[in-house]
S.K.: 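Here you go, one structure.
Note that the structure is a prediction, hence the values are computed from the model and not measured.
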Amino acid sequence: MDEQFMSEALEAAREARAAGNEPFGAILVKDGAVVMRAANNIFSNSDPTRHAELSLISDYCSENDIFDLSEYTLYTSCEPCVMCSGAMVWSSLGKLVYSVSHAQLAEIAGSNIMISCEEVFAKSPHQPQVVGKVLNEEGLEIFAGYTFGE
C-alpha cells in the first residue's frame with residue numbers, strides 16, 4: 001500500500017519539477033484514500049515556504065477546520081525539512097512515509113539544512129511514525145541533476 005501512495009507523491013514531484021519548481025511532491029491519506037495532493041510551488045507562488053508538505057498540511061487543515069492529523073499518513077518524495085517536520089509535529093501527524101533521505105539529497109544537490117525529521121520529532125511533543133526510502137530508486141531518478149534553488 002505504501003508503494004502505491006508513494007507513486008502518487010512522486011508523480012506530484014515530477015509535475016512540480018516540470019512546472020519550474022523544486023521536485024518535491026506530497027499526498028495525504030486517510031482510511032486508504034487520498035484526501036489531498038500538493039506539489040512544491042515556491043517559484044510559481046514566489047513563496048519560499050510553499051513546500052509540498054507544508055502547503056498540504058496548511059491547506060488541508062484550513063479547508064477542513066481541523067488541527068489533528070493523527071489518523072492520517074503523509075507520503076512525500078523526500079525526507080521533510082525542519083520547517084515541514086515542525087508542521088507535522090504541530091498537526092499531530094500519525095505517519096510519515098518518504099522516498100529519498102536527506103543524506104541522499106545532499107549527495108545529489110549539495111548541502112543545505114540537513115537535520116533529519118527523526119531528530120526534529122525526537123525533540124518534540126509529538127512523534128509521527130516514520131517509514132523511509134519507499135520506492136527509493138524511483139525517487140532518486142526524480143532528483144537526478146537537481147541542485148537547491150534550481
Side-chain angles (χ1 to χ4, degrees), residues 1-45 47-64 66-106 108-109 112-121 124 126-144 146 148-150:
M1 188 64 83
D2 282 349
E3 289 184 354
Q4 172 191 342
F5 290 125
M6 182 57 71
S7 288
E8 290 190 51
L10 294 176
E11 182 56 33
R14 284 186 199 92
E15 292 168 7
R17 193 167 193 183
N21 291 293
E22 294 190 334
F24 299 90
I27 63 166
L28 191 63
V29 174
K30 182 178 183 192
D31 298 328
V34 176
V35 296
M36 184 163 271
R37 186 176 198 266
N40 177 288
N41 56 17
I42 64 170
F43 297 123
S44 296
N45 286 7
D47 182 349
T49 68
R50 293 305 284 179
H51 291 197
E53 303 92 336
L54 182 60
S55 294
L56 184 146
I57 291 168
S58 178
D59 292 348
Y60 186 79
C61 288
S62 179
E63 289 174 18
N64 292 280
I66 63 171
F67 286 85
D68 184 355
L69 298 180
S70 60
E71 296 180 17
Y72 296 76
T73 300
L74 192 151
Y75 292 83
T76 183
S77 57
C78 188
E79 182 176 354
C81 72
V82 174
M83 176 180 67
C84 293
S85 295
M88 292 172 193
V89 170
W90 297 124
S91 64
S92 301
L93 181 68
K95 181 179 175 184
L96 163 69
V97 182
Y98 67 84
S99 178
V100 175
S101 72
H102 274 294
Q104 292 174 311
L105 184 61
I108 295 167
N112 202 323
I113 303 172
M114 295 297 183
I115 299 170
S116 74
C117 62
E118 283 100 340
E119 187 176 346
V120 173
F121 299 154
S124 299
H126 176 76
Q127 293 88 32
Q129 177 187 355
V130 178
V131 177
K133 295 188 176 180
V134 173
L135 295 183
N136 189 246
E137 291 301 317
E138 216 178 300
L140 288 169
E141 289 173 16
I142 293 168
F143 286 95
Y146 165 71
F148 290 107
E150 178 179 77

S.K.: Please, which pairs that meet salt bridge (Lys or Arg N to Asp or Glu O under 4.0 Å) have at least one residue in residues 27-36, sequence neighbours excluded?
M.R.: Lys30-Glu71
S.K.: To the closest 0.5 Å, what do you measure between CZ (Phe24) and CG (Leu105)?
M.R.: 5.0 Å
S.K.: Which pairs, with at least one residue in residues 131-144 and sequence neighbours excluded, count as a side-chain hydrogen bond (donor to acceptor under 3.5 Å, both in side chains)?
M.R.: Arg14-Glu138, Gln104-Asn136
S.K.: Restricting to non-hydrogen atoms, name the atom on Ser85 and the atom on Pro80 that form the minimum distance, rounded to 0.1 Å.
M.R.: OG-O, 3.5 Å
S.K.: To the nearest 0.5 angstrom, please state how far the CH2 atom of Trp90 sits from the OG atom of Ser92.
M.R.: 9.5 Å
S.K.: My understanding is that only residues two or more places apart in sequence, or in another chain, count here; which of them pass ring pair (Phe, Tyr, Trp, His ring centres under 6.0 Å) with Phe121?
M.R.: none
S.K.: Go through the structure and list residues passing side chain to side chain contact (heavy atoms under 4.5 Å, CB included) with Val34, not counting sequence neighbours.
M.R.: Phe5, Glu8, Ile27, Val29
S.K.: Output all residues satisfying salt bridge (charged side-chain N to carboxylate O under 4.0 Å, His left out) with Asp47, sequence neighbours left out; order by chain, then residue number.
M.R.: none
S.K.: List for me each residue that meets salt bridge (charged side-chain N to carboxylate O under 4.0 Å, His left out) alongside Glu3, sequence neighbours excluded, and say none if there are none.
M.R.: none
S.K.: Take Val35 and Asn64 through the test side-chain contact (heavy atoms from CB on, under 4.5 Å) and record every step on the way to the result.
M.R.: CA-CA 11 Å; Val35 296; Asn64 292 280; over 6 Å; no
S.K.: With sequence neighbours left out, write down each residue that passes side chain to side chain donor-acceptor pair (under 3.5 Å) with Asp68, or none if nothing qualifies.
M.R.: Ser70
S.K.: For Tyr72, what residues pass the ring pair (Phe, Tyr, Trp, His ring centres under 6.0 Å) criterion, not counting sequence neighbours?
M.R.: Tyr60
S.K.: Please answer whether the main-chain N or O of Ala87 pairs with a side-chain N or O of Ser91 as donor and acceptor at a distance below 3.5 Å.
M.R.: yes
S.K.: How long is the straight-line distance from SG of Cys78 back to OH of Tyr98, given to the nearest 0.5 Å?
M.R.: 8.5 Å
S.K.: Under the side chain to side chain donor-acceptor pair (under 3.5 Å) test, which residues partner Thr76, sequence neighbours left out?
M.R.: Glu53
S.K.: Quick one: list whatever passes side chain to side chain donor-acceptor pair (under 3.5 Å) with Arg50, sequence neighbours left out.
M.R.: Ser55, Asp59
S.K.: Just to verify, what does Gln4 make a side chain to side chain contact (heavy atoms under 4.5 Å, CB included) with, not counting sequence neighbours?
M.R.: Met1
S.K.: Kindly write out the residues that satisfy salt bridge (charged side-chain N to carboxylate O under 4.0 Å, His left out) with Asp2, not counting sequence neighbours, or none if the list is empty.
M.R.: Lys95
